[in-house]
2 protein chains.
Amino acid sequence: MARSDTRYREAFNRLLDYCGALPVGAALPAETALSDAAGVSRTVIRRCLARLQELGLISWDGREKHLLRAPAPADRIALPEHGGSSEDLEKRFLSWILRFDVPANTPLSVAELSRSFDVPQHELKEFLAGLSRFGLVGRRKQGGWMLRGFTREFAIELSDFRSVLELNAVAHAAEAPIDHPIWDQLDALRTRHLALKQRIDTDYHEFSKLDESFHMAINGVVSNRFVAEFQKVISLIFHYHYMWDKTLEKTRNAAAIEEHLAIIDALEARDGNAAVEAARRHLKTSKSTLLSSLRHHDLG
Amino acid sequence: MARSDTRYREAFNRLLDYCGALPVGAALPAETALSDAAGVSRTVIRRCLARLQELGLISWDGREKHLLRAPAPADRIALPEHGGSSEDLEKRFLSWILRFDVPANTPLSVAELSRSFDVPQHELKEFLAGLSRFGLVGRRKQGGWMLRGFTREFAIELSDFRSVLELNAVAHAAEAPIDHPIWDQLDALRTRHLALKQRIDTDYHEFSKLDESFHMAINGVVSNRFVAEFQKVISLIFHYHYMWDKTLEKTRNAAAIEEHLAIIDALEARDGNAAVEAARRHLKTSKSTLLSSLRHHDLG
DNA sequence: GTTTTGTTTGAAATTATAAAAAACACTTGA
DNA sequence: TCAAGTGTTTTTTATAATTTCAAACAAAAC
């Protein structure tokens with residue numbers, strides 16, 4: 001019942017490496033210097049030094065610290081291996097919801113999620129608290145959390161919000177200076193779109209990735225932390241929903257390619273109004289696709 | 001080290017009330033029914049029943065539960081009083097930051113905040129995790145949290161984001177059907193604006209409230225959970241910043257009244273484009289006011 | 001007088017645990 | 001016999017205890 005001492009263990013091994021680069025008999029620098037170098041507090045450094053002394057690696061008396069022998073591999077302490085599991089928790093969580101089509105109003109068990117995602121409970125709670133800001137999850141009166149989920153309402157509001165952000169981005173893109181990276185990106189995107197259009201009959205499933213690239217490029221023009229935060233969630237949701245709804249996928253993607261190209265054309269012509277109009281059409285299609293994919297799911 | 005038994009205590013008192021409404025000798029309903037009625041689990045109900053039995057209030061054997069005497073005030077158990085302190089944590093936290101002008105990159109001590117806001121630590125942590133979604137706070141590598149704060153960058157991005165949302169709201173308002181409540185609201189707002197304009201020389205400080213009402217009405221047209229969530233934060237921030245910057249407050253507010261009236265005029269004329277343009281002008285003023293208020297603060 | 005170490009204090013992360021919820025397995029009486 | 005209720009067990013949640021760590025402070029050494 002306490003916090004892990006991973007910090008100490010890692011620092012110790014790093015210190016061992018540091019000693020390895022020193023000749024036997026050399027003096028070690030001050031504790032403050034060591035703590036700065038290792039990026040930990042002096043408390044940890046002193047714990048490490050104590051262990052080094054115990055192992056007979058150094059002599060330590062006051063500010064006299066000398067290396068007695070070269071460190072051996074056996075001196076290292078094992079790290080409680082933990083594959084940075086809580087790294088992309090967000091991605092994994094959303095994937096889980098969307099992939100397994102977890103229905104709205106499902107109670108979420110922190111204990112269970114904690115196990116299946118291999119993440120400490122308190123981390124999960126903080127994560128859920130963050131998601132609750134997006135209205136995706138909420139607290140229950142009896143305690144615990146529940147998935148508010150992808151109701152029709154949610155999808156509509158999400159789509160609308162996305163539209164607002166993206167139309168703004170398109171308008172900004174149209175005004176971007178000539179040396180802005182967006183123009184090169186658009187050029188490359190046009191090529192990719194045209195290429196895929198040629199082989200749409202066979203490779204239509206490749207569109208999903210292209211779609212993501214396209215929207216990311218457009219939204220990248222607006223450098224705004226709030227927009228960026230939302231974009232992450234939005235793109236994931238749309239991405240997965242597209243993966244589901246296999247009805248008419250080929251037709252749908254072919255149409256979307258045309259819509260994208262229309263936006264690119266208008267942008268490259270620096271015709272802001274036309275670009276925004278084209279984007280509006282595309283986002284409208286996108287929204288109805290999302291909604292119909294939900295409908296199919298509800299029925300299935 | 002355990003969770004509090006407030007739930008049990010509250011349930012017990014509620015059960016006491018329930019018994020008070022019953023004649024002596026009456027039978028009590030099934031545990032399941034009681035738990036449903038009280039909104040707690042059967043476990044809690046059984047604990048309550050056990051206590052009722054101990055106090056000689058009821059006889060309890062299997063499914064035979066009978067009221068033996070009317071409950072007295074002394075039978076109640078005390079609640080560990082806690083003035084719903086964690087209610088408006090968000091408001092209080094933002095107020096604290098803005099009022100005391102907590103600088104950017106200040107380390108936030110959860111322990112300290114927990115004490116000063118009188119809120120359990122874990123609640124604060126969840127709260128901060130939520131705020132981190134807005135980029136207002138972030139984690140430190142050494143552990144703990146820190147206030148990213150109201151840097152110039154933050155203010156700019158916030159203003160821009162606000163503009164995007166609000167311009168969208170204005171555009172929607174212009175399209176609102178004739179029976180939409182916004183029209184009555186705008187009418188009332190126009191009257192209030194004109195009234196304040198008359199006595200601006202003396203009552204100019206009243207504008208802040210009027211400003212909030214105005215923007216809330218406009219944004220209310222768009223019913224979107226994401227917009228609403230942001231609106232809360234945005235309005236608070238702008239509200240407090242206006243309170244600070246006393247330079248030219250009268251002139252500033254007088255000008256803002258005109259800008260608001262221009263928006264109202266255009267909306268009531270159902271001229272969407274004019275309304276959006278008027279709003280754009282107003283938001284631009286608003287942004288530069290916010291930025292200059294930051295500048296003053298930096299220098300002070 | 002500045003740098004370094006020894007010591008104390010307070011906070012953060014993590015776990016242990018009581019309270020509550022939910023699931024399960026029996027009774028009981030129509 | 002079977003639905004509704006109770007007794008019991010298992011699981012989960014909320015919270016505080018505990019350990020590790022960070023940082024402030026004070027004494028000492030160069």
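First the proteins, then the strands, lettered A, B, ... as listed; each starts at 1. Since this is a predicted model, take the numbers as computed values, not measurements. All heavy atoms count here, side chains included; hydrogens, waters and symmetry mates do not.
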*asked:* Closer than 4.0 angstrom, basic N to acidic O: yes or no for B:E229 and B:R133?
replied: no
*Atom NZ of B:K141 to atom P of D:dC21: distance rounded to whole Å?*
18 Å
*Among residues two or more places apart or on two chains, list those pairs meeting side-chain hydrogen bond (donor to acceptor under 3.5 Å, both in side chains) that have a residue in residues 10-28 of chain A.*
A:D17-A:R76
*Can you tell me the distance, in whole Å, between the CD1 atom of B:I45 and the P atom of D:dG5?*
14 Å
*Quick one: ring pair (Phe, Tyr, Trp, His ring centres under 6.0 Å) pairs with a partner in residues 120-140 of chain A, sequence neighbours left out?*
A:F93-A:F127, A:F134-A:F230
_Is it the case that the side chain of A:R51 and the backbone of A:F12 share a donor-acceptor pair, with hydrogens and angles ignored and the cut-off at 3.5 Å?_
no
*asked:* Tell me the interatomic distance from A:R47, atom CZ, to D:dT19, atom P, rounded to whole angstroms.
replied: 12 Å
*Measuring from A:I77:CD1 to A:R9:CZ, what's the distance to the nearest 0.5 Å?*
5.5 Å
*Rounded off to whole Å, could you give me the CD-to-P distance for the B:E10 and C:dA19 pair?*
16 Å
_Tell me whether A:E112 at atom CD has more than 12 heavy atoms from other residues, nucleotides or ligands lying less than 6.0 Å away._
no
*Write down the distance between CD (B:E123) and C1' (D:dT13), rounded to a whole number of angstrom.*
14 Å
*Within the pair B:R7 and C:dA19, is there a side-chain N or O less than 4.0 Å away from OP1 or OP2?*
no
_Spacing of A:M146 atom CE relative to D:dT13 atom P, expressed in whole Å_ = 15 Å
*Which parts of nucleotides 22-30 of chain C does protein reach within less than 4.0 Å, heavy atoms only, written one letter per nucleotide 5' to 3' as B for base, S for sugar-phosphate only and - for none?*
BB---BB--
_Going by the rule salt bridge (Lys or Arg N to Asp or Glu O under 4.0 Å), which residues pair with B:R69 if we only count those two or more places apart in sequence or in a different chain?_
B:D75
*Quickly work out the A:K125 NZ to D:dT15 P distance and round it to whole Å.*
8 Å
*Side-chain N or O of B:K65 less than 4.0 angstrom from OP1 or OP2 on D:dT6?*
yes
*Report yes if the side chains of B:V227 and A:D160 come closer than 4.5 Å at any heavy-atom pair, otherwise no.*
no
*asked:* Would the distance check show the side chain of A:E157 and the main-chain N or O of B:R225 forming a donor-acceptor pair, the cut-off being under 3.5 Å?
replied: yes
*Ignoring backbone atoms, test whether B:H122 places a side-chain nitrogen or oxygen under 4.0 Å from the OP1 or OP2 oxygen of D:dA14.*
no
*Report yes if some heavy atom in the side chain of A:V40 is under 4.5 Å from a heavy atom in the side chain of A:Y8; otherwise report no.*
no
_Taking the nucleotide of DNA chain C with the nearest heavy atom to each, does A:A30 or B:R139 sit closer to the 5' end?_
A:A30
_Looking at B:W60, is its backbone amide N or carbonyl O close enough to the side chain of B:Q53 to form a donor-acceptor pair, meaning the two atoms are under 3.5 Å apart?_
yes
Could you list, one pair per line, each protein nitrogen or oxygen that sits under 3.5 Å from a nitrogen or oxygen of nucleotides 9-11 of chain C, together with the distance?
residue : atom : partner : partner atom : Å
C:dA11  : OP1  : B:R115  : NH2          : 2.9
C:dA11  : OP2  : B:R115  : NH2          : 3.3

*Heavy atom of residues 126-135 of chain B under 4.0 Å from DNA chain C: which residues?*
none
_Rounded distance in Å - CZ (A:R46) to C1' (D:dC21)_ = 14 Å
_For the SG atom of A:C19 and the NZ atom of A:K65, what is their distance to the nearest 0.5 Å?_
11.0 Å
